[in-house]
Amino acid sequence: MNPTTRTWLLSDAPQTRRQARLGALYQGWLTFRANKLAMLGLVILLALLGIAAFAPWLAPQNPLAQDLAGRLKPPSAAHWLGTDALGRDILSRLIYGSRVTLFIVGTVALIAPVIGLFIGTVAGFAGGWVDQVLMRITDIFLAFPKLILALAFVAALGPGIGNAVLALAITSWPPYARLARAETLSIRNADYIAAARLQGAGRLRLLIGHIWPLCISSLIVRVALDMAGIILSAAGLGFLGLGAQPPMPEWGAMISDGRTYILDFWWVAAMPGMAIFIVSLAFNLLGDGLRDVLDPKGAKE
Amino acid sequence: MAHPDMMAGPGARPPSARRGARLGRQLRGVAGVLLSLALTLLGLLLVTFIIGRVMPIDPVLKVVGERATQAQYDAARLAMGLDQPLWRQFLTYAGQVLHGDFGRSISTGHAVTEDLRRVFPATVELATLGTLIGVCAGVPLGVIAAARRGRWIDQIARVVALIGYSMPIFWLGLMGLLLFYGILGWIGGPGRQGIIYDGMVPEVTGMILIDSLLSGDWGAFRDTFSHIILPASLLGYFSLAYISRMTRSFMLEQLSAEYITTARVKGLSERRVIWGHAFRNILVPLVTVIALSFASLLEGSVLTEIVFSWPGLGQYITKALLAGDMNAVLGGTVLIGTCFVVLNIASDILYRLLDPRAA
């Protein structure tokens, strides 16, 4: 980056709003970049995105093509990670499986915080009985063991990837609602809210235009830290046969396929587990780094 | 409103009366907590009930079979009370649950309560041993990491916890089975006991480790231990990750307090400062963390139980789910949910009683 841009970005007296905003972003990036582990997490996740996007070009073979003559072959030059019980290439299945994983995590991470944000800010902003009722409901969902509730939902709705996403979203929103409510309570009596109200802003406008933006950064940190948990839960559902249905190459379901052969053909179950572990580790590392940037108060503790 | 204690000032009332007032306040707090417990449990029951009713599987067909005539079907439907409006069905169900009756399991043919009584001790045994391992390893690790903040031991503790958070525990279980059972042969395989000891230990608590000790059967104890040690260690690792991080952050908070500086200035040894002063002050929040961790192991054991063919609650619920046996699923879910809520509340109450600032 050329030095003038850098000085412009790091200026203590920004001339325009845009400069201030970009400057803040750049500061955040510098903090984030200094955290080597968080950078590692970011690199792994970018690689995962690339793998998912270019799966058809990267995968050496068709992930669904069966070859019964070549079943349960150990890792070799032809099949880098071996083949499974139907003779399918495990590496190709892992590559295509990254799409499934990203789809599940991405969708849950979009749905759950939005539900939580909505319920939490409405409860915190409205107060009174609305607050009581909404928080009571939140507590009930919080009281449920997450995986069991997700299991029950999937069983009721029928197994499948869409229902798994729905079940995970339904079980993961309560912490976000709590968080959003706490943030709302701390800012609802702030002067700038009163100022906006005096200018004639309606409740909806206050909520969406003035309260939501301040809740979002803490929600993002929380989502980043929860991503790994979502991946593990999704893999758990897949492992139990309640997530993506065969022949879709979902990592959790692939472990379950390999379970039968674990003692003699270890690679069938070992490889997808490694993939899950690496990706969820990357999300945890990234979440840690993001917390340092977006929530400096929490990081110091 | 100012509290009478504050207005009267110290010494105006005998200490016993003041203690009475504090206890009264605490009791009122506890009553509020118990009320919210009741509401939460009712909500829990309602949600499980609704889930059970949207289930696409027809419970009547499950009972009478595919080849029943329409008349038989109708009779069974009437007998099961499914012709009633939903709210009345719920009231009936809630009433039965309050009497400890979850109905009959379609897949095992027993009363669900009886099934739960059989499988629950297995899960409790596993989760208890797991928590024990997590506490014994996690608390010292957290304390040492805080005391040596930023040094290599702190880094190691951080990495250990991070890996624990990121690991699909069911997969680690499979790999553990492969290594320690399949290749090394150090431990017993899946299940709670080897086949020769199956049913040999007289049942007292349902927890075989304790029962075999009670009956003095050392062979059975050793066999059971070799079966439980791997799954319990895995759950223990999982709770270690959580407990060590929480311990560390509690300790850091204490170590930065002024009384610690005072203790150091007085010339106390570092060991006394850490274990005698700082650590004693984190015991109360630590109890809460341990209770929560135990509750999450009760739930977290679902996948572990499947991997290790452990005949516990998790396996029971999952099997029932896949068989569409809703009575069993609801019973199991309500049981785990109740444990969850009760443990939460118990730790909350304990916190209020032990820490006067919280009341």
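Note on naming: letters A, B, ... go to the chains in the order of the sequence lines (proteins, then strands), and numbering restarts at 1 for each one.
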Heaviest contributor of heavy-atom pairs below 4.5 Å to chain B, chosen from A:Ala269, A:Ala228, A:Gly241, A:Ser256, is A:Ala269
message = If you define the side chain from C-beta out and look only at heavy atoms, does anything of B:Val307 sit under 4.5 Å from A:Phe239?
response = yes
### Query
Counting only heavy atoms not in B:Gln254, do more than 12 fall under 6.0 Å of its CD?
yes
>> Do B:Met167 and A:Ile276 make a side-chain contact, defined as non-hydrogen atoms from C-beta onward lying under 4.5 Å apart?
In response: no
The interface call for B:Ile169 against chain A, heavy-atom contacts under 4.5 Å, is neither
Rounded to the nearest 0.5 angstrom, the CD1-CG distance for A:Ile140 and B:Leu46 is 7.5 Å
State whether the number of non-hydrogen atoms from other residues, nucleotides or ligands found under 6.0 Å of B:Gln155 atom CD is greater than 12. yes
Okay, A:Leu37 and chain B: the region with an atom under 4.5 Å from a heavy atom over there is side chain
- Message: Surrounding CZ of B:Phe238 (heavy atoms of other residues, nucleotides or ligands, distance under 6.0 Å), is the total greater than 12?
- Response: no
Taking every heavy atom of A:Leu232 against every heavy atom of B:Phe170, the minimum-distance pair comes out as O-CE2, 4.4 Å
When the 4.5 angstrom heavy-atom criterion is applied to B:Leu44 and chain A, the contacting part is both
Rounding to 0.5 Å, atoms CG (A:Asp288) and CG (B:Leu162) come to a distance of 6.5 Å
To the nearest 0.5 Å, atom CH2 of B:Trp171 lies from atom CD1 of A:Ile255 at 7.5 Å
Does some side-chain heavy atom of B:Leu303 sit less than 4.5 Å from a side-chain heavy atom of A:Leu147?
yes
| A:Trp266 (side chain) donor-acceptor with B:Leu178 (main chain) under 3.5 angstrom | no
Practice task
Please examine the side chains of B:Leu172 and A:Phe277, heavy atoms only from C-beta on, and report whether any two atoms are closer than 4.5 Å.
Solution key: no
Interatomic distance, CD1@A:Ile137 vs OG1@B:Thr40, rounded to 0.5 Å, equals 12.0 Å
Rounding to 0.5 Å, atoms OG (B:Ser166) and CD1 (A:Ile231) come to a distance of 9.5 Å
Nearest heavy-atom contact between A:Gly273 and B:Pro168 is O-CG, 4.1 Å
Taking atom OH of B:Tyr93 as the centre, does the number of heavy atoms from other residues, nucleotides or ligands within less than 6.0 Å exceed 12?
yes
Looking only at heavy atoms, the pair that brings B:Ile306 and A:Leu240 closest together is CG1-CD2, 3.9 Å
One option among A:Leu149, A:Leu151, A:Asp264, A:Ile278 has the most heavy-atom pairs under 4.5 Å with chain B, and it is A:Leu151
d(A:Ile262 CD1, B:Leu174 CG) to nearest 0.5 Å is 5.0 Å
**Asked** Is atom CZ of A:Phe118 surrounded by more than 12 heavy atoms (other residues, nucleotides or ligands) closer than 6.0 Å?
**Response** no
